[in-house]
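Right, one structure below, let's go through it.
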Amino acid sequence: MDNLMLNVSNIQTFIGQFHILEGVSLEVPKGAITVLLGRNGAGKTTTLKSILGLTPPREGIVEFKGNPIQGKRAYDVAAMGIGYVPEHRAIFSNLSVAENLKIAERKKGDLDKKADFIFELFPDLKRLYKLPGNHLSGGQQQMLAVARALVPDNDLLLIDEPSEGLAPILIQQMMEAIRSLSSKTTVLLVEQNFRMASQLAEYYYIIDDGKSVQHGKMADLVNDTETVHRYLGTAVGALGGKR
Amino acid sequence: MAELQTQNVKKQKPGLFKQNQLAIIVLVLLILFPFIMSLITGQPANEGKPKFWEGQFINFFIMAVYAMSYDLLMGYTGILSFGHAAFFGAGAYTMALWLTHFAPLISSQYKITLPGGMDITTTLLFIVALLLVLIVSILMGLFFSGASVRVKGVYFAMITLAIGEAFHILSKATDFVKWTGADEGLHGVPVPLWINPTQHRLRFYFMALFFMVVMYLFLKRVTESPTGRVFVAIRENENRVRMIGFNPATYRSLAFVTSAIAAGLSGAMFSLWNMSATPSMTSAVTTINALIMTILGGVGTLIGPILGAGLMQIFSQFFYQWFGARWPLVFGLIFIALVVFLPYGIVGTYRLRKQGMKAGWTRFTKQFSAKK
């Protein structure tokens with residue numbers, strides 16, 4: 001299919017002896033936000049890591065823009081144009097904001113080209129440009145982690161739990177940012193916060209016990225309280241209903 | 001961004017002198033030093049006291065480059081290698097072996113002259129020696145990084161220590177006594193006359209100073225380049241470097257090779273300066289010296305190791321005079337005190353406390369102005 005950015009088919013991933021992913025299949029269409037939903041430990045983060053090659057799948061196919069990338073080294077996959085924003089604000093904490101962004105340059109001048117766009121999304125970063133990463137608050141670090149993935153020309157962004165541990169107002173800001181960057185790239189998002197996910201994403205996949213069990217359009221899922229209840233738990237289910 | 005850039009440019013252009021004011025003043029002082037000494041003592045710059053002091057500084061310049069090369073690995077890239085003396089020794093032995101065994105053989109058979117009739121054989125052979133040192137250093141760097149690419153942490157330190165010791169044993173192996181002089185080492189290396197450190201001390205002084213300045217600028221350029229940023233990022237978190245799309249193994253090798261080149265060249269200079277190459281240059285003590293100099297001055301800076309090398313030079317020279325053979329004991333106590341009170345080294349602690357010290361100074365001066 002031409003309009004597919006990423007095609008994952010039946011990947012099996014082991015971490016040590018543990019069979020973590022037992023058949024995850026995804027189709028991520030170009031230019032939209034797709035969200036991975038599921039309980040803690042369902043295998044969402046491992047799916048992202050398997051796509052990038054940090055935990056290489058033992059079986060299955062991963063195609064990025066039609067080219068198979070399974071079995072490739074993570075740094076090669078990343079250099080093909082996949083940006084990864086790991087969970088827990090993975091910045092270089094002893095480097096300044098500027099250095100954190102500069103290091104992600106794949107071509108000279110990448111940052112100069114993208115700087116305006118990045119500062120528009122995250123105005124805070126401009127003010128904090130010279131500060132070391134560990135002087136930033138949690139939310140600012142998360143923004144920096146997302147911003148870093150925007151510096152090179154990435155066609156696909158894998159973003160893991162951007163709302164984790166953020167205050168509601170920051171979640172709102174992060175949501176706006178992700179929404180506006182989805183006009184430039186494709187986004188595959190992992191998100192526990194169902195309300196945020198339901199407002200952002202166009203498509204969803206539910207992962208349960210290492211398998212992709214259900215997928216479709218977000219608009220349909222929001223009304224399907226039973227599925228939400230079954231796979232995502234009651235609390236978020238109730239929130240989803242209130243949308 | 002455009003705004004940020006113009007700010008930078010505006011700051012940098014007139015700042016070239018202003019920013020490096022201190023460095024330039026120090027450099028000018030170092031250039032004038034032999035002549036100042038000769039004025040003070042009334043002896044010519046190539047004899048007596050000035051000659052002794054130039055010797056002290058030559059040693060310092062060479063060790064400063066060696067310490068900087070170690071800091072590129074330890075301070076910038078976060079690679080704690082215990083085999084650094086192998087790089088230093090490899091440079092020293094390459095230079096000494098070439099000058100002792102091969103260069104005389106070649107120059108006795110061939111003569112290369114310029115059209116004017118000037119004999120440039122020794123000069124050419126010396127340039128070949130430098131190239132050989134470069135090649136050997138690069139190979140050593142690749143060998144070290146290749147042998148240790150799969151191990152981390154303590155195991156990495158052990159492997160580098162083992163390889164370093166292997167080279168130390170090789171350098172004093174009796175099997176090669178004809179070539180290397182085994183335990184004795186190579187002495188009386190026929191250094192080209194025009195840079196002979198005993199006859200042309202002043203010339204050698206400027207050569208060593210030039211060597212240090214050039215290597216400093218080279219390493220500064222490396223650490224401020226995009227590659228240098230990846231080095232620092234590897235120190236911070238190797239996995240995140242991988243996520244961004246860089247192969248950490250490649251960059252670790254690059255760091256090793258760059259560091260080996262600097263260390264190898266400083267070793268070669270050291271063998272020219274001492275006109276010898278001995279197994280002590282490849283021993284673990286030489287590695288530990290690099291570690292001490294770097295920690296004293298400040299890890300993760302280039303000025304730090306230079307300062308550390310200077311302190312080390314002062315300690316080793318004068319403590320021996322003051323305390324006799326027990327000087328390492330006193331030095332050890334001072335070293336412990338420095339690590340406890342200046343945990344980031346002299347430069348590192350200064351940078352950390354700069355703001356606080358400035359504020360304290362203004363409070364201090366304000367008191368006096370208030371009293372007036």
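Chain letters run A, B, ... following the sequence lines, proteins first and then strands; every chain starts at 1.
- The contact between A:Ile91 and chain B is made entirely by backbone atoms, counting heavy-atom distances below 4.5 Å.
- No more than 12 heavy-atom neighbours from other residues, nucleotides or ligands sit within 6.0 angstrom of CD on A:Glu120.
- For chain B, the nearby part of A:Arg148 is the side chain; its heavy atoms alone come within less than 4.5 Å.
- Counting non-hydrogen atoms of neighbouring residues, nucleotides and ligands closer than 6.0 angstrom, the CZ atom of B:Phe143 reaches no more than 12 such neighbours.
- Other residues, nucleotides and ligands contribute more than 12 heavy atoms inside 6.0 Å of the CZ atom of B:Phe218.
- A:Glu99 contributes no side-chain N or O that, together with a main-chain N or O of B:Arg229, makes up a donor-acceptor pair within less than 3.5 Å.
- With a 4.5 Å cut-off on side-chain heavy atoms, A:Pro86 and B:Met243 count as touching.
- For A:Arg179, the CZ atom sits in a packed shell: over 12 heavy atoms of surrounding residues, nucleotides or ligands are nearer than 6.0 Å.
- To the nearest 0.5 Å, atoms CD1 (A:Ile103) and CD (B:Glu236) are separated by 9.0 Å.
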Inset, instruction - Kindly indicate, with the supporting measurements, whether the criterion side-chain contact (heavy atoms from CB on, under 4.5 Å) is fulfilled by B:Asn239 and A:Leu54. - result: CA-CA 9 Å; B:Asn239 233 343; A:Leu54 289 168; 4.1 Å; yes
Inset, instruction - Start with the C-alpha gap between A:Phe92 and B:Val241, add the side-chain angles, then the distance that decides, and say whether side-chain contact (heavy atoms from CB on, under 4.5 Å) holds. - result: CA-CA 9 Å; A:Phe92 297 105; B:Val241 170; 4.0 Å; yes
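- Remark: B:Tyr350 OH is loosely packed, at most 12 non-hydrogen atoms of other residues, nucleotides or ligands lying under 6.0 Å away.
- For the residue pair A:Ala78 and B:Gly245, the shortest heavy atom distance occurs at CB-CA, 3.5 Å.
- The neighbour count for A:Lys44 NZ, taken as heavy atoms of other residues, nucleotides or ligands under 6.0 Å away, is above 12.
- Ranking A:Ala90, A:Ala74, A:Ala79 against chain B, the residue ahead of the rest is A:Ala90, based on heavy-atom pairs under 4.5 Å.
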